[in-house]
Amino acid sequence: AMNRNPAMRAALCQDAVVAKLAREHNDANGLALGARLISEETAIACLQAFLDTDFEGGRHEVRVRQLGEC
């Protein structure tokens, strides 16, 4: 539902590595976590990685621009 808003780039993350890559490569600005699929500790690790990571830019900027054009 978050991605129905054209300004959102939400990522479904199952671990901290995915959360970090979603921020670095896709400039994700929304985090979705499956409550029945991951533990509380994993959810906290995902959130921490998501908040601590910045968008890398560079070669990823073209893809993020394309996402905004849809």
Side-chain angles (χ1 to χ4, degrees):
M2 281 191 280
N3 285 330
R4 289 183 186 151
N5 180 328
M8 289 297 298
R9 291 176 304 280
L12 175 60
C13 299
Q14 60 272 18
D15 60 44
V17 172
V18 175
K20 181 178 183 339
L21 291 173
R23 286 285 300 134
E24 281 183 343
H25 295 187
N26 296 328
D27 197 19
N29 57 9
L31 178 63
L33 303 169
R36 292 191 290 179
L37 302 175
I38 62 174
S39 67
E40 183 178 338
E41 294 78 21
T42 301
I44 292 169
C46 287
L47 179 60
Q48 195 63 56
F50 190 83
L51 294 175
D52 289 346
T53 304
D54 293 323
F55 179 48
E56 200 171 82
R59 65 187 176 97
H60 306 294
E61 289 181 35
V62 173
R63 181 177 51 253
V64 171
R65 263 196 310 271
Q66 290 171 338
L67 289 170
E69 293 171 1
C70 295

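- Shortest non-hydrogen contact noted between H25 and F55 is O-CE1, 3.8 Å.
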Give every donor-acceptor pair under 3.5 Å between a side-chain atom in residues 43-50 and any protein atom, sequence neighbours left out.
| from | atom 1 | to | atom 2 | distance (Å) |
| --- | --- | --- | --- | --- |
| Q48 | NE2 | D52 | OD1 | 3.1 |
| Q48 | NE2 | D52 | OD2 | 3.0 |

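- Not counting sequence neighbours, the partners of M2 by the side chain to side chain contact (heavy atoms under 4.5 Å, CB included) test are M8, A10, A32.
- In terms of hydrophobic clustering, with Ile, Leu, Val, Met, Phe, Trp and Tyr side chains grouped at heavy-atom distances under 4.5 Å, L31 and I38 are assigned to a common cluster.
- Taking Ile, Leu, Val, Met, Phe, Trp and Tyr as hydrophobic and joining them when side-chain heavy atoms fall under 4.5 Å apart, one finds V62 isolated, its cluster having no other members.
- Under the side chain to side chain donor-acceptor pair (under 3.5 Å) criterion, T42 pairs with S39, not counting sequence neighbours.
- Sorted by first and then second residue, the pairs that involve residues 9-20 and meet salt bridge (charged side-chain N to carboxylate O under 4.0 Å, His left out), not counting sequence neighbours, are R9-D27, K20-E24.
- Linking ILVMFWY side-chain heavy atoms closer than 4.5 Å, directly or via other members, places L33 and L51 in a single hydrophobic cluster.
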Check your understanding: Between R63 and N26, does a side-chain contact (heavy atoms from CB on, under 4.5 Å) hold up when you go through it step by step?
Key -> CA-CA 7 Å; R63 181 177 51 253; N26 296 328; 3.0 Å; yes

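- Looking at R23, its side chain never comes within 3.5 Å of a backbone N or O of D54 through a donor-acceptor pair.
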